[in-house]
Structures are given as structure tokens and as C-alpha cells.
Amino acid sequence: MTPRNSQVTRWTLTAIIIMSTLPIPLHTYAAHQQVLHLPPPLITPTALPVPNATTPYWTRYLSKDHTPSLDHGSKGPLTKDADICIIGSGITGVSAAYHLYKAVVQDGRPLNVVILEAREFCSGATGRNGGHLTPHAFAHFTTLSKRFGKEDAIRSLELERYTSTEIRKILAESGKTDDVDMVSDGRVILLFSKEEEELTRVEFDAAKEAGIDVSEVEWFSREETQERYGASYPSVKIPGNNVWPLKLVSHLYNLASSSSSSFNLTLHTHTPVTSISTTTTPNPAHRKVTLQTPRGEITCSAVLHATNGYASHLLPFFHGEIVPTRGQVISVRANTPSPFGKGREGFVGNDGFEYWFPRPKSVKRDDYAEGEEERELVILGGGREAAKNGKFEFYTVDDSVVNPEVGKVVRGFLPAVFPGRFDNGTEPEMEWTGIMGYTRSGEPFVGPVIDSTGRRYPGQYISAGYTGHGMPRAFACAEMIAGMILADLNGEGWHRPEWFPTHYLTDNRTIGQYV
Ligand SMILES: Cc1cc2nc3c(=O)[nH]c(=O)nc-3n(C[C@H](O)[C@H](O)[C@H](O)COP(=O)(O)OP(=O)(O)OC[C@H]3O[C@@H](n4cnc5c(N)ncnc54)[C@H](O)[C@@H]3O)c2cc1C
Ligand SMILES: *[C@@H]1O[C@H](CO)[C@@H](O)[C@H](O)[C@H]1NC(C)=O
Ligand SMILES: *[C@@H]1O[C@H](CO)[C@@H](O)[C@H](O)[C@H]1NC(C)=O
Ligand SMILES: *[C@@H]1O[C@H](CO)[C@@H](O)[C@H](O)[C@H]1NC(C)=O
């Protein structure tokens, strides 16, 4: 055997060993996209959020005096009228309220805003997710460039970076960074195969070539990754954050509802909107829309659909455009205090299908029972690609159950990737699901509501469909849509801010074409 051959043999053997010990299927992204591009199943439109959802880690450990209370505004009379209604109290809806509040503070024109939420406060994807608030540094850059042009691909990355920077700034200015467990130690992307490594290099080079600032990106060899993090794969580290999403959104809500004589924010939880109609009778306040709920109806001049995965319940023409997709997450303990080395980085692997991070534990917390400080708690999500029917958990809104097939692979994942640091067979402390909104391009729909025939719905707006990647995008999309709504209400012309990606806008999209 020549040295070169033995090299190849050794590499092949390593590859086989890696393949056989990782309990997840690799390279499923193409199949995932293929299934997503199929015409939607002929089923009745997306249901409302189910009432009996699994409990996520993020609500289990909230203190009793948390504000807003999770059932805020669920009793008593329903508000009858408002300037703007926001449907959904996740990061999109609450960020929109926050930006409207900022606008009123600036220009003084009074505004009544109501948030309507089907279940508890922030009980959708935002309150049940994996806790990563990490802008892509270069991922998908070539795909986006090819499809939407280089300028728009750059805008997409910039929008994510802006979101992360802006949220960190708001937290720092109000002294809340630690209260919401915002940790900004970066993200490590593990590259499980040669193909994934090569593809990642291509994206990185293209973004760099296009002038994207990649100066903070660090590449590590297999040996360096093993040394730093305890996993034997090459990796690349980018800037990024982890956070307690429900606490972040609660803080934004509290800022927006802080005393202001001109801005009036009302929240009604346990108030699903069941239908929307255009108001045709003339009325003094020029209200354009009427929303129906089991608690009565409410009129307003503009309504924002901040319903993400559930959008097509009220807007049936989004069926197949924003696909409700179930994600699953566990919290599980390592057998050591620092399973991923000294830092507090978050991680992704396998084209982003798996994502995990260690909970911060600098202070004694109620989620670390006596004597358990020695066993780090990790939040890990993923495993959709292992669903045996090959459907990637598309077209389900049932987050009252977990999928045992998905549960099996996430249980085996950390013991396989970080040998010796997780005991194989350790049961998760918690396991839950949540509903994301997937689009075929991966990009959200932001703008006025327009259906497949090009018809517009007066006073209706949407920002939804973040495709499992909403934390670094929703806040900026909400800023854009809040500006658009205000311009329309005030009869001023609206112009796309230069920084906003043109391809997110509903005006530049056609829907109902499954190609
Ligand atoms: C398991 C899981 C893990 C994830 N991990 C990450 C991650 O680590 N990082 C990341 O960036 N993204 C992640 N995501 C995606 C991210 O959470 C979403 O992109 C983001 O939270 C979307 O925010 P939103 O406010 O638009 O939607 P949501 O948070 O889903 O809010 C929509 C709200 O609308 C309400 N609603 C729906 N229909 C109605 C109606 N008719 N009437 C009244 N209310 C209604 C829902 O109850 C819900 O509260 C994850 C998602 C899931 C499910
Ligand atoms: C604020 O909103 C509440 C409920 O919607 C309403 O009763 C009240 O009159 C509003 N206040 C102002 C100043 O508009
Ligand atoms: C939750 O409620 C729905 C009906 O809204 C029902 O179909 C489902 O079976 C329930 N889930 C569980 C786990 O009980
Ligand atoms: C963990 O246990 C399962 C089932 O016993 C086994 O298939 C798997 O190979 C084990 N993983 C590791 C990393 O030992």
C-alpha cells in the first residue's frame, strides 16, 4: 500500500466510523426542499393553535410574578375598537408593538394598539424554540444571490446582523442583558462531512468576495475542534447569541406598554381570531376591518397577521406557502460541568437540522436543583429529518404531542457527537414541540396581504414564514411593517427603506405556484 492509499483508507475508515455512530441521517436538505416544493396536501386549512400544548422549558421556570402574566387580559370585556390590531404575541407581534410605541414617542400622534393571542402570551414558536438568536454570517449566500441578486443577498445578511445588534443594544441600555440570559459567545457550526465542509467554504468565499464582513469568522480543524469543544469534526465559528426568548419578548412588551399618554397597548390572551372581514359600512373612525373572536368582535383600521406557522388559518391562500412545521426540543443534562469546553457557545450541525447550547449557570438558579451544578443542562432541538414517513413534520400544528421517532434520534445525538460527556440513555428532563412557518425559498412574507389572484385586502398586513430562523429576522421585519402601516394610516407615501430585502416584500412575490 502506498502512503497515499493508506491515507485514503484511513479517511474512508474514519468516515465510516463517523457515519455509523451519528444517529441522524446526513445530507437530507435536498430531500427536505423537494418535499416542501410538492403541491400542498388537499386538506382543510391550517387549524388554530391547539389548546393543550406541551410545556416548554421556557415557561416552566418563569417566576410567579412574571410580567405580563401568561394569561393577561383573558378575562373581562374584550376591547371593542383600536387603531391597529396585532394577531399573535410572539416576537413578530410584540416587536411590531414595540416599534409602533417608538414611533409614537417620536412623533406624538396617539395610537391605540391591541394584541390578540389565541393561547397564553408568547406561546407559539417564540415561546417554545431553541433559544438561538444568531444571524447567518454567510450561510445560503450563493443561493440567495443566484435567486434574488447579490444586493438583496447582502441585505438579508445585514438585516440579521442589525436585528442581533439592535436587540443587544436595547437590552444593554435597559440593564436587562443578564435578566433575559442573553449570552453572546458565538455559534460553532460542526461540519459532519467533507461535502458539508466544502459547501460551507464556498458560501464563505462568496460572501467575502461580495464584501460581507467575515473578519470575525474562525475556522477550526478536526483536532482544534476536539481540543476546544470535545467533538471530532472540523468547525467554523461565527458571532451569535443565545437567549431566553420568552423573557426577551416580555421585556419588549413591557417597554412598549410603559406609561405613555399617547401610546395605548392592550393585550388579550386566550382570544383566538376566528375570521376577518372588510368593513363596508361607513363609520366615523374609518375602521376597515372587523375581527371575530369567541369573546366578541373588534374593529380596527389595520391588522397585522403575526401568526407565523398558523397564518393560513385566516388567510387560506397561504396554504402551501407558509407551511406549519413541527419542531421538537429537549433539555438534557451532561455528565460534566463543561461538556463543550470553557466557553458558552451555541452549536449547530447537519445543515442546521440540530442546534444546541448550554444554559448559563453563573448564578444559582431555580432550574439547577441542589447538587446538580456539576451536570450542565443543555437545550437541544432537531431530528425532524428522522421522521420515518419522510415528511419532515410538515403540515402539522399539533404541538400537544412529541414525535417518538424524532425523540429517539435527539436522545442519541449528544452522546455520539461528544463522546464521554453525555451518558447514553440519560432521559431528557423536558421534551416539547412547537410550530414553525416554512416557506419554499426560506424567506418570510412581509407587507400588505395579497392573494394568489393579486387581490389586496384593505388594512391587512403580514410578517410571517421565517422558516425556523425568526429570532434574527422578526424584529427588523416588524420594524419595516410598523413603518408601512403607520405611513398608510397617516396617508403618507411609503418607500422601502434601503436596508430592507426587496424579495421579502409580498408585492414582489407570487403565491400559489409550486415550482
Ligand atoms: C421548536 C422550535 C425551535 C426553534 N428554534 C429556533 C432558534 O433556535 N432560533 C431561531 O432563530 N428560530 C427558532 N425557531 C423559529 C422561531 O421560533 C420563529 O421563527 C419565531 O419565533 C417566529 O415568531 P413569530 O412571532 O412570527 O411567531 P410565533 O411565535 O409562532 O407567534 C405567533 C402567535 O400567533 C398566535 N396565533 C396564531 N393564530 C392565531 C389566531 N388566529 N388568533 C390569535 N392568535 C393566533 C399563536 O398562538 C402564536 O403565539 C424555532 C421554532 C420552533 C418551533
Ligand atoms: C386605551 O385602551 C383601552 C382599551 O382598549 C381603552 O378603554 C382606553 O379608552 C384607551 N385609552 C386612551 C387614552 O385612548
Ligand atoms: C389536544 O387537543 C386536541 C383537540 O384540540 C386533541 O385533538 C389532541 O388529541 C389533544 N392532545 C392530547 C395530547 O391530549
Ligand atoms: C447509545 O445506545 C444506543 C441504544 O442502546 C446505541 O444504538 C448507540 O450506538 C449508543 N450510542 C453511543 C454513542 O454509544
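Owing to the predicted nature of the structure, the values given are computational and were not obtained by experimental measurement. In each ligand, atom 1 is the first atom listed, and ligand 1 is the first ligand listed.
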(message) Donor-acceptor check, side chain of E196 to backbone of D351, threshold 3.5 angstrom: yes or no?
(response) yes
(request) Return yes when G131 approaches ligand 1 closer than 4.0 angstrom through a heavy atom, no otherwise. (result) yes
(request) Please work out which of R326, E120, H132, H305 has its closest non-hydrogen atom nearest to atom 7 (C) of ligand 1. (result) H132
(request) Identify the heavy atoms of L48 and V273 that sit nearest to each other, and give their distance. (result) CD2-O, 3.8 Å
(message) Only heavy atoms of P51, strictly under 4.0 Å: list the atoms of ligand 3 that pass.
(response) 5 (O)
(request) Check whether any side-chain N or O of Q33 sits under 3.5 Å from a backbone N or O of R440 as a donor-acceptor pair, and report yes or no. (result) yes
(request) Taking atom types as modelled, find out whether N241 and S184 have a side-chain donor-acceptor pair closer than 3.5 angstrom. (result) yes
(request) Decide side chain to side chain donor-acceptor pair (under 3.5 Å) for R295 and T271; before the verdict, give the C-alpha distance in whole Å, the side-chain angles of both, and the deciding distance to 0.1 Å. (result) CA-CA 7 Å; R295 300 175 65 194; T271 311; 2.8 Å; yes
(request) For ligand 3, find out whether one of its N or O atoms is nearer than 3.5 Å to an N or O atom of D398. (result) no
(message) Closer than 4.0 Å and a protein heavy atom, does any atom meet both conditions relative to atom 1 (C) of ligand 3?
(response) yes
(request) Out of G309, A306, G90, P56, indicate the one that has the non-hydrogen atom closest to atom 32 (C) of ligand 1. (result) A306
(request) Would you confirm whether R119, through its side chain, and V50, through its main-chain N or O, come within 3.5 Å as a donor-acceptor pair? (result) yes
(request) Any atoms of ligand 1 less than 4.0 Å from a non-hydrogen atom of G124? List them with their elements. (result) 29 (O), 30 (O), 48 (C), 49 (O)
(request) Output yes when a protein non-hydrogen atom is found under 4.0 Å of atom 5 (O) of ligand 3, and no otherwise. (result) yes
(message) Can you see whether Q460 engages H305 through a side-chain donor-acceptor pair at a distance of less than 3.5 angstrom?
(response) yes
(message) Please list the nearest protein heavy atom to atom 10 (C) of ligand 4 with its residue and the distance rounded to 0.1 Å.
(response) N424 ND2, 2.3 Å
(message) Residue-level breakdown please: for L116 versus ligand 1, do any non-hydrogen atoms fall below 4.0 Å on the side chain, on the backbone, on both, or on neither?
(response) backbone
